[in-house]
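Below is one structure, written out as structure tokens; comments come after it.
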Amino acid sequence: MSEPYDLAVIGAGPAGAAAAVQAAALGLRVGVLDEQQTPGGLLYHSVTRSPLPRDGVLDDSYWEGAPLMQALLHSGAEYLPRSSVWNIDRDGGIGVTRDGQAQIVHARHVLLATGAIERPHPFPGWTLPGVMTAGAAQVLLKGAGAVPSSRVVLAGTGPLLLLAATQLLRAGATIMALLDMAPPGANLRAAGYLPRALQAPGYLSKGLALLGAIRRARAPVLRGARHLRATGTDRLEAVEFVARGRRRHIPADLLLVHVGVIPNTVFTRLLRIEHEWNARQRCWQPVSDEWGRTSLPLLSLAGDGAGIQGGWAATHGGRLAALDAARALGRINRAERDHLAVADRRALRRHRAIRPFLDTYFRPPSWLDDAAPDTVLCRCEEVTVGDVRVAVARGSRDPNQVKAVTRCGMGPCQSRQCGQPLAQLVAAETGMPEHAIPLHRLRAPLRPLSIGELAALQTRDAA
Amino acid sequence: MSPDVIIIGGGLHGSSAAFQLASRGLGVLVIERDHVARHASGASAGGVRRVRRHRAELPLAMESLAMWRRLPELVGSDCGFDACGHLLLAESDMDMAWIAQRIELTRSLGYNFEEMIDAEELRRIVPTVAGGIRGGIIARDDGYGNPLVTTAAFREKAVALGAEYLERTEVLALGQGGRGWEVSTSAGRFSARHLVNCAGGWGDRIAAMAGETIPLEVKANTMTVTARVPRFLGPVVGHVRKRLSLKQMQNGTVVIGGGYLGRADPEAGTSDVLFDNLPSNMQPVIQAFPHLASAPIVRCWTGLEAYTPDNVPILGPSEHSDGLVHSFGYSGHGFQLGPICGVIVADMVTQGGTNLPIVPFRPNRFEAAGPVAWGASEGTAVEETVPARH
């Protein structure tokens, strides 16, 4: 077994890459464990080897990630792609499988840069083939240059939905409709945050450019769309919804849904880090300070996994977390850390100024408004909204109890999809506020691991 | 409210006692530190097993199995009980000799539920078992139940009969006053004539609050469950010598136990999987069933369980205080005994005694002079309840 890393970075998106580059520059022994084939995370997925032409489908905000990812590859940090991390323990032991070999690697400090996941949004028909998230479609586009050749409907809200729409338009896809599902009045409420938003660099001009591109392409945009439903027998045939009081029906082969992103909290929940409810973003996030420090001294966070702030802020957060990890490991002292952190702290403050505007403008619709009893909540175990309502009526009061009775969240995806919707449903059914209902407990392995791989696990003792 | 009995701990044993006491017309209050079935009752492998059970527990296990068969009429649920048989594999001459010796012991005690099988019969029952497995010992009427469903069923029936549950309520102190036991909790004070200690891994602390020293060790046993795989296994399978335990549930998932330890923190009420300990958990699984190597693991989990020095439970009245009955420390194999132990506790409370032989489980048996000898029963192989700890 090799020596432990000074710093293990989980995830090679903007936060993880920036942190690794910074930490390696300070002379730390850094390991970067990332699931993908190449660095970039979701935002800059495949940016170092995308098959797409440089000037075309994807705009500069994608290609600007390339220098950082190149820097990671030349930083001296040990970059380990195709590393599937399935456990992290409270002593810095990281269970990881790489090329079929499972092992536990050790680190004196762990930085989680595991980013965001798309906010789960169950609705009738969401499990039909032909329905996917806009983020998943983007990954296919970035990584494989795959453009849907069929009739596409996009639905939901959030910057990523608009970005995906413009990218698909430029790639030549046929967009039948873009259903804007933001709750009515969201843009007016957001206007109050505009003065502050103007302090943040680049966001508003980028947003206006996206809206302009959609308008120029004459893609039909339907505002105030509600009661989304995907219909079809074996696969998606049509998208149904209500807009301006009228039930609409659009034939489609592909429905891309997106209602914003939330922090990926699987590891912080596994480690029982304290979490707090972010009321404006309507999601749970781990509690951390501006350096990403958590209640577990050897664990820090950076990027959207610490709370949604976007990719630009993530690079600054990553560097700050790396600087503080170097301090915690005794490589630099507090004064040196603070000195090196000045520019990133200032930049981070400016990026934060956009959040109240964006979070209000793109406030997600509540999936509960459209929840029918037969809406599938847990795809793995085929648990419906109706099943959960019965369990609550019979006395279950929190998601752990519902899970025990219905098996909701006990399947292979480990409640990635159903965790938050389940908590929201339990809140609604019990009349409790959403923030009073905790998400249910998670169990490792959090990524696929076979009996044979675990039997052959390389542990420190065995080496 | 003023209950007749306060039960501390709402797991299977507490809920079974609550059901029996409520059905005898007593007012029952159950106080649970966490939520019901958080620990041993939730992390149980669900074995309804007599094979290789300690001889002292066999009279109780026989009665309990009779109750398992009647659970639909008793508590309105079959609790997932499947009498699929319980089989221990044997690989060597020594293993086969152990089986012969074990069967001789149980026969001499008047029991006939264990049977030696040869390689041919073994492969008829479990066709996918690896070559090199010589035979085994089987109890065809044993099986498994669903721990969460079972605990919930006893609880629901107890509540239907009038028992009350207070969850997330911690007992802080015990005292004796004019009306019997005074129980101070994080949710106020309660009193009752009778007190039952079903606190599992916290049973020694409750006993200490009553002024009694009962040695107890809390461990976190690890369980592993796979994704659904094609049906290959009928009975629950163990090994006469190796720490192996697996079964295939009705939905096709395989549940693997064996007593491999995680990290226990009884103070915080938490436990964690220690993956370093699990290669040795999975290797015997693959040795017995090579095709399982490719089965994906869905999750591993741990729960706190209480072990006594001699690996048999603490069950019976306190020898020091009136109106106090202990029932905890089932040492990793208390699930099968759940139904009958509720009856025994209820007998103690309502009649002051029971017809079943519980002398070996005297709560105060470790008070004799000298240090407590942990693991004292492990030398007597055929009486073992669990394979020797490594």
Taken to the nearest 0.5 Å, the spacing of Asp276(B) CG from Gln458(A) CD works out to 12.0 Å

So how far is it from Cys300(B) SG to Asn87(A) CG, rounded to the nearest 0.5 Å? 8.5 Å

Heavy-atom closest pair, residues [X] and [Y]:
X: Leu457(A); Y: Pro279(B); value: CB-CG, 3.7 Å
X: Glu381(A); Y: Arg228(B); value: OE1-NH2, 3.2 Å
X: Gly452(A); Y: Ile286(B); value: CA-CD1, 3.5 Å
X: Phe275(B); Y: Pro445(A); value: CZ-N, 4.1 Å

Would Asp265(B) and Arg90(A) count as a salt bridge (charged side-chain N to carboxylate O under 4.0 Å, His left out) if you check the C-alpha gap in whole Å, the side-chain angles of each, and the deciding distance to 0.1 Å? CA-CA 13 Å; Asp265(B) 185 349; Arg90(A) 296 176 68 85; over 6 Å; no

Does any pair with a residue in residues 383-393 of chain A pass side chain to side chain donor-acceptor pair (under 3.5 Å), and if so which ones, sequence neighbours excluded? Thr384(A)-Asp387(A), Arg389(A)-Glu429(A)

Heavy-atom count check: over 12 atoms from other residues, nucleotides or ligands less than 6.0 Å from [X] [atom1]?
X: Gln101(A); atom1: CD; answer: yes
X: Glu276(A); atom1: CD; answer: yes
X: Arg168(B); atom1: CZ; answer: yes

Quick check on [X] against chain B: is it the side chain, the backbone, both or neither that has a heavy atom closer than 4.5 Å?
X: Arg397(A); result: neither
X: Pro448(A); result: neither
X: Arg407(A); result: side chain
X: Cys413(A); result: neither

Specify which of Ala444(A), Pro412(A), Gly395(A) makes the most heavy-atom pairs with chain B at under 4.5 Å. Ala444(A)

May I ask you to test the Glu453(A)-Met282(B) pair for a side-chain heavy-atom distance under 4.5 Å? no

Asp89(A) vs Asp272(B) side-chain heavy atoms within contact, under 4.5 Å: no

Looking at Asp91(A) and Arg263(B), is there a salt bridge between them, counting it only when a charged N and a carboxylate O are closer than 4.0 Å? yes

Counting heavy-atom pairs under 4.5 Å with chain A, the top scorer among His35(B), Arg38(B), Glu167(B) is Arg38(B)

Which residues pass the side-chain hydrogen bond (donor to acceptor under 3.5 Å, both in side chains) test with Ser450(A), sequence neighbours left out? none

Under 4.5 Å from a heavy atom of chain A, the part of [X] involved:
X: Ile256(B); result: side chain
X: Ser294(B); result: backbone
X: Ile297(B); result: both

For chain A, find its close neighbours in residues 144-156 of chain B: heavy-atom separation under 4.5 Å, sorted by number, or none. Leu148(B), Glu156(B)

Can you list the residues that meet the side-chain contact (heavy atoms from CB on, under 4.5 Å) rule with Gln287(B), with sequence neighbours excluded? Lys242(B), Gln283(B), Pro284(B)

